[in-house]
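Quick caveat: nothing in here was measured; it's all calculated off a predicted structure. Scope of the values below: all heavy atoms of this structure, side chains included, with no hydrogens, waters or symmetry mates.
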Amino acid sequence: MKGLLIKDFLLMKNYKQVMLFMLIIGIFVGMNDISFASGYILVFVSILSMSTITYDEANHGLNTLFTLPITKSDYVKEKYLFSLIITGIGFVLVTILSCFSKSGFVEIVAILSTSLLLLSISLPFQLKEGNEKGRIVSFVVMFGFIFVFVFLNQFIPKFFQSIESLLNTLDPTMFSVGLLITSFILYFISMRISIRVYKNRVLD
């Protein structure tokens, strides 16, 4: 597990200039709009963590990787742990950024929960279908969610109004904590599903 984590961090090191450039953009924008910057940075680091799967699969690299004393279960667990670490780093960065804005910590926690939920959906597809297919399916799922929300907001405005009224009756802090706990539970469930699915995958 430690060796796999080191490998993925070394992979990220090769793209440090691109990462720094993208993060600077997020920080610059975040000075005026922390909501956009928070979502931007956390989604960016989530995609970044999934990209290590692409690097592993390039040129049939998995066949070489699994000659080492690791199992498919170890591989999946490491990807989830690595994604969690990277997302945590993004969360710390966004939290520091929020100190210079009017946004509260509750909003940042809600965005973190959303990021974990997206990873919970995307990682199983990425691991099951492989590089290209998994990426396509992940984007279809994410844009599908966006389309549904836009559709509901456009044609059924009372749907969001009722949700907003319900949320106004809840304590913001308790709601955010509950959402975060739920996202971690779903993240763990997603990992268990991915382990089961990946064990049955035939590697190219």
Side-chain angles (χ1 to χ4, degrees), residues 1-12 15 19 38-91 94 109-152 178-204:
M1 185 71 70
K2 180 180 178 181
L4 290 173
L5 285 171
I6 292 173
K7 172 188 69 65
D8 284 345
F9 277 111
L10 288 176
L11 282 173
M12 294 298 95
Y15 295 88
M19 292 164 50
S38 300
Y40 171 85
I41 291 174
L42 288 175
V43 170
F44 170 68
V45 296
S46 299
I47 295 174
L48 191 66
S49 64
M50 289 191 294
S51 67
T52 59
I53 300 174
T54 302
Y55 301 142
D56 290 342
E57 294 180 356
N59 300 316
H60 306 285
L62 287 176
N63 291 326
T64 302
L65 185 63
F66 282 108
T67 60
L68 301 174
I70 59 172
T71 64
K72 289 183 176 180
S73 177
D74 294 332
Y75 181 79
V76 173
K77 290 177 181 178
E78 186 274 335
K79 290 302 174 189
Y80 274 81
L81 179 58
F82 179 75
S83 297
L84 193 61
I85 293 173
I86 292 294
T87 303
I89 294 173
F91 174 69
V94 167
V109 171
I111 295 174
L112 171 63
S113 301
T114 303
S115 180
L116 289 175
L117 289 173
L118 287 175
L119 279 170
S120 299
I121 296 171
S122 301
L123 279 171
F125 285 112
Q126 187 83 357
L127 289 164
K128 180 180 183 298
E129 299 296 338
N131 180 12
E132 297 301 329
K133 290 182 180 179
R135 190 181 303 171
I136 292 172
V137 172
S138 298
F139 277 115
V140 168
V141 171
M142 285 188 281
F143 281 109
F145 274 112
I146 295 173
F147 175 79
V148 169
F149 279 114
V150 171
F151 176 82
L152 291 174
L179 183 62
L180 185 61
I181 293 173
T182 301
S183 65
F184 272 110
I185 292 173
L186 292 176
Y187 194 75
F188 177 78
I189 293 174
S190 172
M191 184 185 70
R192 302 307 302 176
I193 293 173
S194 293
I195 290 174
R196 183 172 299 180
V197 168
Y198 201 70
K199 283 181 178 180
N200 297 323
R201 180 184 168 188
V202 178
L203 302 178
D204 297 330

Rounded to the nearest 0.5 Å, what separation is found between the [atom1] atom of [X] and the [atom2] atom of [Y]?
X      : Y      : atom1 : atom2 : answer
Asp56  : Asn63  : CG    : CG    : 12.0 Å
Leu123 : Ile193 : CG    : CD1   : 12.0 Å
Tyr187 : Leu118 : OH    : CG    : 12.0 Å
Leu117 : Leu186 : CG    : CG    : 6.0 Å
Thr71  : Ile195 : OG1   : CD1   : 8.5 Å
Thr52  : Leu10  : OG1   : CG    : 12.5 Å

Indicate the atoms forming the closest heavy-atom contact of [X] with [Y], along with that distance.
X      : Y      : result
Ser120 : Ser190 : O-OG, 2.6 Å
Phe9   : Ile86  : CE2-CD1, 3.9 Å
Tyr75  : Ile53  : OH-CA, 4.1 Å
Thr87  : Ser83  : OG1-O, 2.7 Å

Margin query: Looking at Ser183 and Leu180, would you say the former's side chain and the latter's main chain have a donor-acceptor pair under 3.5 Å?
Written below: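 Pair found, side chain donor or acceptor close to backbone of Leu180.
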
Note to self: Would the distance check show the side chain of Lys72 and the main-chain N or O of Arg201 forming a donor-acceptor pair, the cut-off being under 3.5 Å?
What the structure shows: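 Indeed, once roles are kept as given, a pair shorter than 3.5 Å links the two residues.
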
With heavy-atom distances below 4.5 Å as the criterion, would you say the side chains of [X] and [Y] are in contact?
X      : Y     : answer
Phe184 : Leu84 : yes
Lys7   : Leu4  : yes
Asp8   : Glu78 : yes

Margin query: Can you confirm if the aromatic rings of Phe188 and Tyr80 lie within a centre distance of less than 6.0 Å?
Written below: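 Tyr80 vs Phe188: aromatic centres not under 6.0 Å.
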
